[in-house]
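The structure under discussion appears below in the form of C-alpha cells.
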Amino acid sequence: MDSIFHRISVRRYEDKQVEKEKLMQILRAGMQAPSACNQQPWEFYVVTNPEKIKALSKATPYAGCAANAPVVIVPVYRKEGLIAPDFAQIDLSIAQENMWLETDAQGLGGVWIGIAPMEERMEEVHKLLELPKEVAVFSLFALGYPTESRAQEDRFHPERIHFLE
C-alpha cells in the first residue's frame, strides 16, 4: 500500500540502465491485473533502444520527457479473440497502474503517457515500432532511476464521498 501514497510522475532519470529482474517484476505486476471476463488482452513491448525511445518521445506533444528515459514500456492490447473487447482499454488501465505501483516499489520512477484512445497517436506509435496489425497501442510508460524526489500531494477529498443508506 505504501506505493499508492508515494507514487509520483517522474520525468527525469539517471543515466543508468534498469536491471532486467526489476523490469520483469514490473511486467509481472501488470499481468496480475484483473480484466473483464479474465480476457487478459495485454502484451508489452519493452523499448531500450535510445533511437527508438527518441522517436517515441515525439509521438505526442506530452512525450518529450521520455527522450532520456532508459526504458519505455509500450502496453498494447489484442484486437481479436477478446470476450469483452469494449473493456480492453480499461483492462490496460488497471495493468498500467499495477506496473506504476511496482515501479515505485522497485525504487524507480515513471510516467504514464496517454496514447489511446487518440487514433492518430495510436497509429503513430504502432508504425514507429512496426507492431503486428492485430494489436492496438494503449500508452507509453517511461521509467528509470529518478533524479527527482518530492512528496505526493494528498488527493483525499471527503466531500466527494457520498453514503447512500
Side-chain angles (χ1 to χ4, degrees), residues 1-11 13 17-49 52-53 55-57 59-60 62-67 69-146 152-153 155-156:
M1 289 283 289
D2 289 344
S3 289
I4 289 174
F5 299 105
H6 183 264
R7 181 226 45 85
I8 60 169
S9 293
V10 173
R11 294 176 176 86
Y13 312 96
Q17 293 304 308
V18 176
E19 299 86 346
K20 188 169 184 180
E21 301 79 36
K22 289 186 177 189
L23 290 172
M24 294 304 287
Q25 189 64 19
I26 290 164
L27 295 163
R28 178 181 295 275
M31 291 184 191
Q32 282 301 117
S35 63
C37 302
N38 197 29
Q39 66 185 349
Q40 302 175 36
W42 42 69
E43 295 189 19
F44 302 95
Y45 289 83
V46 181
V47 183
T48 57
N49 177 293
K52 287 189 188 294
I53 290 174
L56 288 171
S57 75
T60 128
Y62 307 102
C65 59
V71 180
V72 175
I73 297 175
V74 182
V76 304
Y77 58 93
R78 294 182 308 282
K79 298 188 285 185
E80 300 169 3
L82 298 179
I83 299 165
D86 290 342
F87 290 92
Q89 289 184 11
I90 295 169
D91 295 343
L92 267 287
S93 292
I94 301 166
Q96 178 73 65
E97 179 70 6
N98 278 10
M99 290 168 51
W100 206 350
L101 294 173
E102 184 59 26
T103 296
D104 183 78
Q106 291 291 328
L108 302 166
V111 63
W112 179 341
I113 301 163
I115 299 294
M118 302 175 100
E119 291 289 335
E120 67 280 354
R121 292 179 185 173
M122 294 170 75
E123 290 171 16
E124 175 70 14
V125 173
H126 199 277
K127 184 175 127 185
L128 282 171
L129 297 180
E130 301 175 4
L131 299 174
K133 65 177 175 54
E134 61 271 3
V135 300
V137 174
F138 176 69
S139 66
L140 304 177
F141 184 58
L143 68 127
Y145 285 93
Q152 184 190 70
E153 68 181 68
R155 297 180 178 178
F156 183 71

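Keep in mind it's a predicted model, so treat the numbers as computed, not measured.
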Closest non-hydrogen atom pair, P70 against G144: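 The pair with the smallest heavy-atom distance is CG-CA, 3.8 Å.
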Name all residues meeting the side chain to side chain donor-acceptor pair (under 3.5 Å) criterion together with Y13; count only those two or more places apart in sequence or in a different chain, and write none if there are none.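 Expected list: none.
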List the residues meeting side chain to side chain donor-acceptor pair (under 3.5 Å) with E19, not counting sequence neighbours, and say none if there are none.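 Listed in chain order: Y145.
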side-chain contact (heavy atoms from CB on, under 4.5 Å) for L108 and I26? Distances and angles first, verdict last. CA-CA 10 Å; L108 302 166; I26 290 164; 3.9 Å; yes
Output, in order, the C-alpha distance, side-chain angles, deciding distance and verdict of side-chain contact (heavy atoms from CB on, under 4.5 Å) for T48 and V18. CA-CA 9 Å; T48 57; V18 176; over 6 Å; no
Over 60° means perpendicular and under 30° means parallel, so classify the ring planes of F141 and W100, tilted if in between.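 Taking F141 first and then W100, their aromatic rings stand perpendicular (interplane angle over 60°).
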Donor-acceptor list for residues 27-39 side chains, cut-off 3.5 Å, not counting sequence neighbours:
residue : atom : partner : partner atom : Å
S35     : OG   : Q39     : N            : 3.1
S35     : OG   : Q40     : N            : 2.9
N38     : OD1  : Q40     : NE2          : 2.9
Q39     : OE1  : I83     : N            : 3.4
Q39     : OE1  : A84     : N            : 2.9
Q39     : NE2  : A84     : O            : 2.9
Q39     : NE2  : D91     : OD2          : 2.7

For residues [X] and [Y], determine if any side-chain heavy atom of one lies less than 4.5 Å from a side-chain heavy atom of the other.
| X | Y | value |
| --- | --- | --- |
| S93 | F138 | yes |
| W112 | S139 | yes |
| L128 | K52 | no |

What pairs with E153 under salt bridge (charged side-chain N to carboxylate O under 4.0 Å, His left out), at least two apart in sequence or on another chain?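 Scan of E153 (salt bridge (charged side-chain N to carboxylate O under 4.0 Å, His left out), adjacent residues dropped) gives R155.
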Give the intermediate values and the outcome of side-chain contact (heavy atoms from CB on, under 4.5 Å) for residues V111 and V10. CA-CA 5 Å; V111 63; V10 173; 5.9 Å; no
Could you go through residues 119-126 and list every donor-acceptor pair under 3.5 Å that involves a side-chain atom there, pairing it with any protein atom two or more places apart or in another chain?
residue : atom : partner : partner atom : Å
H126    : NE2  : P132    : O            : 2.9
H126    : NE2  : V135    : O            : 3.1

Qualifying residues under side chain to side chain contact (heavy atoms under 4.5 Å, CB included), relative to A63, sequence neighbours excluded: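 Side chain to side chain contact (heavy atoms under 4.5 Å, CB included) check on A63 returns T60, I113, L140.
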Could you verify whether a donor N or O on one side chain and an acceptor N or O on the other, from E102 and Q106, lie under 3.5 Å apart?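 Side-chain D/A pair, E102 to Q106: present.
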